[in-house]
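Remarks on the structure that follows.
For ligands, and for the atoms within them, numbers begin at 1 and follow the listed sequence. Given the structure is predicted, the values throughout are model-derived calculations rather than measurements. Sequential numbering from 1 along the given sequence is applied to the chain's residues.
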Amino acid sequence: MRIVSGIQPTGNLHLGNYLGAIRNWVKMQDEVAASGGQSLYFLADLHAISMPHVPADLAANTREMVAALVACGIDPDKSILFNQTQVPAHAELQWLLSGTARMGWLNRMTQWKDKAGKNREGASVALFTYPVLQAADVLLYQATHVPVGEDQKQHLELARDIAQKFNNDFGPKDENGEAAPVFTLPEAIIPPEAARVMSLRDGTSKMSKSDPSDMSRINLTDDADTIMGKVKKAKTDPEVLPGEAKGLEGRAEAANLVGIYAAMAGCAVDAVLAEFEGKGFGAFKPALGELLVAKLAPINACFIELRQDRAALDAILRAGGERARALAAPTLAATYEALGLVRG
Ligand code: TRP
């Protein structure tokens, strides 16, 4: 099993990032290591330039994201942790796959349609070819499994389509005329428990770094008092908690807080409700706050320390980049070869 996944470097990491993606990466890292496989996790900094961006922020966010990943449990000895920029083969393979990807395929991508909006003429070429770079990211390492959120499923299917067409069109033929695949077809893994964490002020919108109210989210930099304060001020309703999940329907804020509790405790929503049935938020909120503080305190301490140690962060990325370049080299060479490109 070889797991490959990427995340765009954003600043202001919060509980939604942790429960949505990062925690699942840590779990998969440990499972894969136990079974003798390999996990590669990278910061998709090359993808970040497909939208308008501030260079100094991108550099700072890249380092901040490494600090967060390590604080949350990504172990640079168990996983290969790096940023795309340090492995030029990502950009090279993207170009090599651009001869195989079809305009029609990219035109159907919903993320392209959403992000370009009405102004397609003004969108960057990188935004349009973004999914080809994403395909290169995983095909380069012969990934077997790619943990992603639901919104990335379509990009993974595209990566499979590109791999299949390339194998068909250019895979070297053996003596029976059968094409030997150049690329492994990767499978998406969409974790069922990828909790969708909603804003603490509005249970119908996602917890987000760009929400103007800091009270809407729990940041990885928040100390214990701040976390307790935010949980106590979280929006709720006047009802008591029901005995099972069905009773939370139509109660977005209540469902969100119970969902966060279950995710942090590592148990089912029904188990949380069995414990708090009939209790109001006056009782539930302090319990949730304490649970969050207990689970996030070690992450917070590590994050705060590591994010200011630029030398340590750059060393992690450099070492990961070196290992990734070595793993990428044979597939990149085979791709050039299959296309008839002479490297001398
Ligand atoms: N596009 C992904 C996202 O926005 C990030 C990403 C880039 C990625 N390359 C990848 C995810 C390769 C999985 C595999 O979330």
Side-chain angles (χ1 to χ4, degrees), residues 1-11 13-14 16-26 28-29 32 38-51 53 58 61-62 65-66 68-69 74 79-94 97-98 101 106 109-116 124 126-163 183-191 194 196-197 206-210 320-321 324 327-328 331:
M1 212 177 173
R2 184 172 286 173
I3 288 187
V4 179
S5 196
I7 191 166
Q8 286 211 38
T10 55
L13 288 147
H14 52 74
N17 303 116
Y18 175 62
L19 289 177
I22 303 177
R23 197 178 60 149
N24 185 52
W25 281 15
V26 175
M28 301 214 62
Q29 155 188 275
V32 160
Q38 173 77 68
S39 49
L40 291 95
Y41 295 126
F42 63 86
L43 303 163
D45 51 359
L46 292 178
H47 279 108
I49 65 167
S50 62
M51 293 293 273
H53 80 286
L58 177 54
N61 289 346
T62 299
M65 189 66 113
V66 182
L69 291 175
I74 299 295
S79 293
I80 300 182
L81 177 59
F82 63 104
N83 55 322
Q84 282 167 322
T85 295
Q86 310 225 21
V87 187
H90 287 249
E92 286 179 75
L93 186 61
Q94 180 191 20
L97 297 176
S98 293
L106 295 180
M109 293 294 115
T110 55
Q111 184 177 295
W112 153 249
K113 290 192 262 189
D114 289 350
K115 284 202 178 168
S124 73
L127 188 63
F128 185 65
T129 59
Y130 178 118
V132 185
L133 178 59
Q134 186 162 344
D137 293 337
V138 297
L139 301 181
L140 187 57
Y141 301 104
Q142 308 287 347
T144 59
H145 296 84
V146 181
V148 282
E150 187 68 39
D151 64 327
Q152 295 298 312
K153 212 170 125 185
Q154 195 186 30
H155 286 163
L156 247 289
E157 269 153 27
L158 181 88
R160 290 173 65 91
D161 289 343
I162 292 175
F183 299 116
T184 305
L185 267 50
E187 243 171 80
I189 309 186
I190 294 156
R196 238 171 92 84
V197 180
K206 255 174 102 167
M207 186 175 283
S208 161
K209 70 173 165 78
S210 46
L327 270 188
T331 299

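- Contacts of ligand 1 (protein heavy-atom distance under 4.0 Å) are S5, G6, F42, A44, H47, Y130, Q134, D137, V138, V146, V148, Q152.
- W112 and F128 have their aromatic ring centers within a separation under 6.0 angstrom.
- For Y18, there are no ring pair (Phe, Tyr, Trp, His ring centres under 6.0 Å) partners two or more places apart in sequence or in a different chain.
- A search for ring pair (Phe, Tyr, Trp, His ring centres under 6.0 Å) contacts involving H145 returns nothing, not counting sequence neighbours.
- Taking the six-membered ring for Trp and thresholds of 30 and 60 degrees, Y141 and H90 have ring planes inclined between 30 and 60 degrees apart.
- For A135, the side chain to side chain contact (heavy atoms under 4.5 Å, CB included) partners at least two apart in sequence or on another chain are L97, L139, A159, I162.
- Between the side chains of Q29 and S39, not a single donor N or O lies within less than 3.5 Å of an accepting N or O.
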